[in-house]
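Read through the structure below, which is laid out as structure tokens, and then see the notes.
Everything numeric here is computed off the predicted structure, so don't read it as measured data.
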Amino acid sequence: MNKRAVLLLLILSIFAYGTSYRTVFANSTEEGNQPEKACSEEFEEYHKKLDDRVLRDIVKSYSLDLSGFQEFTNRELDLKAGDSMNDHSDQISLQHLFVGGSIGSMRLFLENGLEGTRGYFLYKRVDGNNVLKVLNKMGNIWVVMTVDEKKAEKLEQKPFNWDKCAD
């Protein structure tokens with residue numbers, strides 16, 4: 001009788017442990033990802049609004065008209081597997097522009113895309129100043145022709161609270 005009671009308690013405790021372990025595991029995978037995903041989306045929205053504010057500020061300070069210009073990101077300039085460096089020297093000549101720090105994203109605008117001959121590289125330095133680099137295409141290479149920097153208002157960047165995502 002004693003052995004049966006011990007065996008029964010052992011089986012019940014294993015069953016209880018297994019049930020609670022699966023419940024905890026299920027909650028951590030299903031509910032744990034949701035706040036993180038929501039936070040990522042919230043961060044993306046915050047970052048996009050900041051980028052838009054920075055771009056409006058720079059465009060206003062230089063009285064730029066970007067109609068007819070196509071925007072390129074650094075990632076879009078990356079070569080794909082199998083691409084020849086010789087065939088894409090125009091893209092490679094633009095990648096170095098994205099090095100360094102800025103408030104918001106650095107923005108590249110090319111008139112008529114990579115086929116065009118004129119472009120702007122815009123960003124807000126970490127000290128708040130706006131920077132405009134005028135680009136011209138010479139052969140297959142993009143060249144910075146002028147760099148203009150204007151004093152501007154430093155936009156306040158509130159740090160994103162990632163701690164609220166840890167739950």
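With Leu132 as reference, Leu64 is the one residue of Thr146, Val59, Leu64, Val147 to meet the side chain to side chain contact (heavy atoms under 4.5 Å, CB included) rule.
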May I have the step-by-step check of side chain to side chain contact (heavy atoms under 4.5 Å, CB included) for Trp142 and Asp90, ending in yes or no? CA-CA 6 Å; Trp142 287 92; Asp90 56 345; 3.9 Å; yes

Side chain to side chain contact (heavy atoms under 4.5 Å, CB included), that's the test. Do Glu71 and Leu108 meet it? Break it down for me. CA-CA 6 Å; Glu71 183 173 6; Leu108 172 65; 5.8 Å; no

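Taking the side chain as every heavy atom from C-beta outward, Phe98 and Leu77 approach each other to under 4.5 Å. Counting heavy atoms from C-beta on, the side chains of Lys137 and Arg118 never come closer than 4.5 Å. Counting heavy atoms from C-beta on, the side chains of Phe72 and Leu94 never come closer than 4.5 Å. Inter-residue side-chain proximity for Val54 and Arg107 is flagged as unmet; no heavy-atom pair is nearer than 4.5 Å. Side-chain contact check for Phe109 versus Leu55: some heavy-atom pair is nearer than 4.5 Å. Between Leu110 and Gln70 there is no side-chain heavy-atom pair separated by less than 4.5 Å. Two residues are said to be in side-chain contact when any heavy atoms from C-beta on lie closer than 4.5 Å; Ile58 and Val131 fail this criterion.
Distance check: Ser105 OG to Leu50 CG gives 8.0 Å after rounding to the nearest 0.5 Å. We find the CG-OH distance between Asp65 and Tyr120 to be 8.5 Å, quoted to the nearest 0.5 Å. One distance of note links CD of Gln91 with CG of Asn140; it measures 11.0 Å at 0.5 Å rounding. Put simply, CD on Glu76 and CG on Leu114 are 9.0 Å apart, with the number rounded to the nearest 0.5 Å. A distance of 5.0 Å separates CZ of Phe121 from CG of Leu97, quoted to the nearest 0.5 Å. Remark: Asp51 CG to Lys124 NZ distance equals 12.0 Å, nearest 0.5 Å.
Within a 6.0 Å sphere centred on CD of Glu153, heavy atoms belonging to other residues, nucleotides or ligands number 12 at most. Counting heavy-atom neighbours within 6.0 Å of Lys60 NZ, excluding the residue itself, gives a total of 12 or less.
In the model, Lys150 has no side-chain atom that pairs as donor or acceptor with a side-chain atom of Asn130 under 3.5 Å.
Relative orientation of the Tyr46 and Phe43 rings is tilted, given thresholds of 30° and 60° on the angle between their planes.
Listed by chain and residue number, nothing satisfies the side-chain contact (heavy atoms from CB on, under 4.5 Å) test with Asn112 (two or more places apart in sequence, or in another chain).
Salt-bridge annotation for Lys48 and Glu44: absent, with no side-chain N of the basic residue lying under 4.0 Å from a carboxylate O of the acidic one.
Counting all heavy atoms, side chain and backbone alike, Ala152 lies closest to Gly128 at CB-O, 3.4 Å. Of all heavy-atom pairs between Glu149 and Asp127, the closest is OE2-OD2, 4.4 Å.
Looking only at distances, no side-chain donor or acceptor of Ser102 sits under 3.5 Å from a matching main-chain atom of Tyr123. At least one donor-acceptor pair closer than 3.5 Å links the side chain of Tyr62 to the backbone N or O of Asp148. Side-chain N or O atoms of Glu111 include none that pairs as donor or acceptor with a backbone N or O of Gly119 at under 3.5 Å.
Hydrophobic cluster membership for Met145: Met138, Ile141, Val143 (Ile, Leu, Val, Met, Phe, Trp, Tyr linked by side-chain heavy atoms under 4.5 Å, directly or transitively).
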